[in-house]
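Chain identifiers are assigned alphabetically (A, B, ...) following the order of the sequence lines, protein sequences preceding nucleic acid strands; residue numbering begins at 1 within each chain. We use all heavy atoms of the structure for the numbers below, so side chains are in, but hydrogens, waters and symmetry mates are not.
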Amino acid sequence: MEPKTLFDKIWDSHVVHSIQGGPDVLYIDRHFIHEVTSPQAFDGLRRRKIHVMRPGNTVATADHNIPTVNQHLPIKDELSRNQINRLEENCREFGIDYFGINHPKNGIVHVIGPEQGYTLPGMTIVCGDSHTATHGAFGNVSFGIGTSEVEMVLASQCIIQPKPAKMRITVNGELQKGVTAKDLILYVISKISSGGATGYFVEYAGTAIKSLSMEGRMTVCNMSIEMGARGGLIAPDMTTFEYLSEVVSPKMKADFNSFVKIWSALKSDEGAVFDKEMVFDAADIKPMITYGTNPGMGIPIDEKIPSAGSGKEATAFLKSLDYMGFSPDIKILGHPVDYVFVGSCTNGRIEDLRAFAGLVKGRKKAAGITALVVPGSKKVEQQAIREGIADVLKESGFELRQPGCSSCLAMNEDKIPAGKYAVSTSNRNFEGRQGPGARTLLASPLTAAAAAVTGVITDPRDLLNN
Amino acid sequence: MLKEKFEILETTCVPLPLENVDTDQIIPARFLSATTREGFGKNLFRDWRYDKSGKEIDSFVLNDPAYSGKILVAGKNFGSGSSREHAVWALTGYGFRAVVSSFFADIFRNNSLNAGLLPVIVPEDFLKKLFGVITEDPATIVRIDLPQQIILIPSTGDSVSFDINPYKKECFIKGLDDVDYLLKMKDRIRAYELRNTLRK
């Protein structure tokens with residue numbers, strides 16, 4: 001038999017029908033929904049007078065619109081409140097499990113899926129959200145879809161989807177101290193560019209990837225879309241199984257070894273062919289930070305912003321730097337920072353809060369810094385409180401907020417004002433992403449912590465060991 | 001449910017020669033709280049189109065009276081970032097029926113194909129020529145012939161063919177709908193589920 005990639009194995013086993021010369025009808029095992037991209041899909045079902053085909057395969061949470069303080073009070077913004085209410089009503093009408101504000105399972109859709117045991121190896125997983133690739137860290141085919149496709153899944157548990165090409169990104173070696181999974185993926189995107197993996201589904205491999213925790217792997221897969229990839233996955237291994245053994249349903253726990261046996265076969269065969277291969281050395285990676293308005297515009301924190309070059313690309317490059325208030329060939333180390341945001345589906349998990357708290361412990365929040373430290377879920381919030389992270393934050397002048405997408409996108413109350421600089425652990429530095437005119441610098445939780453206690457862009461390695 | 005049919009489109013174009021235009025620019029997140037598909041057109045490219053006080057920014061192409069039409073011509077990697085289909089609804093709500101670029105982000109392309117906005121992928125040199133011709137004469141008519149899969153600039157005679165899979169082509173030409181297609185496949189979907197009970 002011809003050797004197959006892990007992606008092919010999962011995709012091919014989910015094809016219900018291949019349309020001649022066209023896309024596949026792909027069966028979806030797990031569907032996540034949230035308030036922003038689902039209401040029009042439910043309206044479609046009502047217009048067609050049909051039910052949700054498999055309500056048990058869809059799970060709903062409220063995350064994008066919600067405030068991250070005083071969640072016991074009604075949402076102030078009427079449109080946001082209405083959108084959340086609509087989700088709740090739609091879930092009730094169509095029989096879908098819904099984790100609303102204050103529910104113990106509430107949180108950002110890509111944080112709760114894995115931590116509640118909904119995300120498993122070998123599955124096909126979709127959500128009306130481009131960061132759905134996060135779930136691929138568990139060895140499944142997961143990707144973001146639009147609202148028309150949300151309606152398809154609700155109606156038929158399938159979507160019509162062209163099969164992407166395959167790329168393998170191998171990162172070997174050991175990450176240096178102070179260099180995290182976030183730096184790894186920002187480095188890879190800076191090499192591939194923000195559109196360089198368009199049309200591909202990525203498998204991440206290599207010793208540096210395998211040595212990451214599940215949280216780190218989720219951070220890597222989460223940002224696959226930021227280089228244009230349809231999704232990203234990592235073959236499951238002992239790290240995956242150990243994580244899952246804690247979170248799967250009691251029924252699955254009782255028979256866990258048989259599942260591990262099935263999941264262990266989920267890997268690319270020796271000699272499987274990828275349409276594109278890229279190999280990187282972990283030792284080359286330093287703490288990364290972005291200076292521009294797409295995630296491909298990243299540099300090692302101690303290096304200069306590149307020169308402008310020439311032609312049409314130079315125009316876009318200079319427009320981007322102009323928005324950021326930067327110029328070519330300057331260092332950004334030492335540049336003043338106004339806001340620090342720790343959270344999001346990229347870096348809102350317990351390990352990220354531990355990293356941030358570990359660095360700010362014994363130090364104080366710098367004058368002039370406004371910090372938003374936002375857990376990715378209720379579960380992360382509770383664990384952070386139990387572990388004493390909330391106390392460490394408080395002693396250093398920070399506050400642990402309540403879970404939600406928060407300042408990753410300017411849809412709720414947590415906005416960055418125009419012209420202000422924010423070091424963010426989120427995934428996008430697009431113009432206006434964190435608020436009209438806001439200037440976003442993407443970085444790791446350690447780099448965010450270093451900026452939070454010094455008030456300027458700081459190499460986190462200078463603060464570790466001190 | 002039938003959709004608007006698309007066969008031949010002949011219209012002037014609006015040029016946006018910027019690369020990597022992400023969906024946050026097409027429709028900023030703060031306008032995503034609506035629960036219908038309508039009304040997004042007025043906030044299309046909101047922060048490039050209007051200043052903070054809501055006044056039109058003259059230099060932005062949508063505010064330039066010289067340009068109008070049903071085709072948006074955009075730089076490469078158009079529609080990157082967020083999966084929001086609202087970006088497509090904003091473009092169609094404004095009046096566009098097709099977007100021409102050398103390269104589209106995957107999710108945006110799928111969303112366009114699903115929501116009645118034809119994404120037309122052309123080679124970089126044709127795109128460059130198109131920008132040149134439209135900028136020189138904003139009244140230039142461009143013809144997109146979907147059955148023939150050809151885009152033509154009648155005034156210069158330049159044309160190029162474009163790809164679209166036969167399934168989606170038929171959906172556009174006949175105004176067919178994906179959910180209707182899938183609902184007709186329900187028996188096969190159930191049969192698939194039976195074969196794969198382990199997954200349940």
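- The candidate from B:Pro28, B:Ala105, B:Ala34 with the greatest count of non-hydrogen atom pairs under 4.5 Å with chain A is B:Ala34.
- Counting only heavy atoms from C-beta outward, the side chains of A:Val25 and B:Tyr181 approach each other to under 4.5 Å.
- Other residues, nucleotides and ligands contribute over 12 non-hydrogen atoms within 6.0 Å of the CZ atom of B:Arg30.
- Each of A:Asp43, A:Ile159, A:Asp129 has some count of heavy-atom pairs under 4.5 Å with chain B, and the biggest count is that of A:Asp129.
- Across A:Pro436 and B:Asp47, no two heavy atoms sit closer than the pair CB-OD2, 4.4 Å.
- Of the atoms belonging to A:Arg428, it is side-chain heavy atoms, and not backbone ones, that fall under 4.5 Å from chain B.
- Of the listed residues (A:Thr293, A:Asn294, A:Ile145, A:Ile84), the greatest number of heavy-atom pairs within a distance under 4.5 Å of chain B belongs to A:Ile145.
- Both the backbone and the side chain of A:Ala155 come within less than 4.5 Å of a heavy atom of chain B.
- For the set B:Thr23, B:Asn111, B:Asp24, the count of heavy-atom pairs under 4.5 angstrom toward chain A peaks at B:Asp24.
- A:Ser148 OG to B:Leu113 CG: the interatomic distance, rounded to the nearest 0.5 Å, is 10.5 Å.
- Counting only residues at least two apart or on different chains, the ring-ring contact (aromatic ring centres under 6.0 Å, His included) pairs with a member in residues 100-120 of chain B are B:Phe78-B:Phe108.
- Only the side chain of A:Pro162 has a heavy atom closer than 4.5 Å to any heavy atom of chain B.
- Of all the listed residues (A:Ser130, A:Pro39, A:Gly195), the one sharing the greatest number of non-hydrogen pairs under 4.5 Å with chain B is A:Ser130.
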inquiry  = Could you go through A:Arg230 and B:Asn110, starting from their C-alpha distance and side-chain angles, then the distance that decides it, and tell me whether this counts as side-chain contact (heavy atoms from CB on, under 4.5 Å)?
reply    = CA-CA 11 Å; A:Arg230 202 68 188 85; B:Asn110 280 355; 3.4 Å; yes
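- Residues of residues 81-93 of chain B lying under 4.5 angstrom from chain A, judged on non-hydrogen atoms, are B:Gly81, B:Ser82, B:Ser83, B:Arg84, B:Glu85, B:His86, B:Trp89 by number.
- Heavy atoms from other residues, nucleotides or ligands lying under 6.0 Å from NZ of B:Lys3 number more than 12.
- Here the shortest heavy-atom pairing between A:Ile225 and B:Ile107 reads CD1-CD1, 3.8 Å.
- Comparing B:Asp22, B:Asn77, B:Asn20 by heavy-atom pairs within less than 4.5 Å of chain A, the highest count is held by B:Asp22.
- Taking CZ of A:Arg48 as the reference point, atom CG of B:Asp180 lies at 5.0 Å (rounded to 0.5 Å).
- Around the NZ atom of A:Lys76, the shell of radius 6.0 Å holds no more than 12 heavy atoms that belong to other residues, nucleotides or ligands.
- Heavy atoms only, all atoms of each residue included: A:Met411 and B:Ser33 are closest at CE-OG, 3.5 Å.
- Each of A:Cys158, A:Gly296, A:Gly146 has some count of heavy-atom pairs under 4.5 Å with chain B, and the biggest count is that of A:Gly146.
- Heavy atoms from other residues, nucleotides or ligands lying under 6.0 Å from NZ of A:Lys163 number more than 12.
- Counting heavy atoms from C-beta outward, A:Gln157 and B:Arg190 have side chains that stay 4.5 Å or more apart.
- Proximity to chain A among residues 132-149 of chain B is not found for any residue, judged by heavy-atom separations below 4.5 angstrom.
- Between A:Ala418 and B:Lys52 the shortest heavy-atom distance is CB-NZ, 4.5 Å.
- Options A:Leu409, A:Val15, A:Val36, A:Thr37 differ in how many heavy-atom pairs under 4.5 Å they form with chain B, and the most are formed by A:Val36.
- Between B:Met185 and A:His17 the shortest heavy-atom distance is CE-CB, 3.4 Å.
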key: side-chain contact (heavy atoms from CB on, under 4.5 Å) between A:Lys319 and B:Leu18, intermediate numbers included   = CA-CA 10 Å; A:Lys319 179 179 183 290; B:Leu18 276 174; 3.9 Å; yes
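- Distance alone, capped at 3.5 Å, places no donor-acceptor pair between the B:Asp106 side chain and the A:Thr198 backbone.
- Scanning residues 162-177 of chain B against chain A with a 4.5 Å heavy-atom cutoff picks out B:Asn165, B:Pro166, B:Tyr167, B:Asp177, ordered by number.
- Atoms CZ and OG1, from A:Arg86 and B:Thr35 in turn, are 4.0 Å apart once rounded to the nearest 0.5 Å.
- Contacts between A:Gln161 and chain B at a heavy-atom distance below 4.5 Å involve the side chain alone, from C-beta outward.
- Here the shortest heavy-atom pairing between A:His14 and B:Tyr192 reads CA-OH, 3.3 Å.
- Residues B:Asp178 and A:Glu149 form no side-chain contact, since every pair of their non-hydrogen atoms from C-beta on lies 4.5 Å or further apart.
- B:Glu193 places no side-chain N or O within 3.5 Å of a backbone atom of A:Tyr27 that could act as its donor or acceptor partner.
- Remark: A:Ser156 OG to B:Arg188 CZ distance equals 13.0 Å, nearest 0.5 Å.
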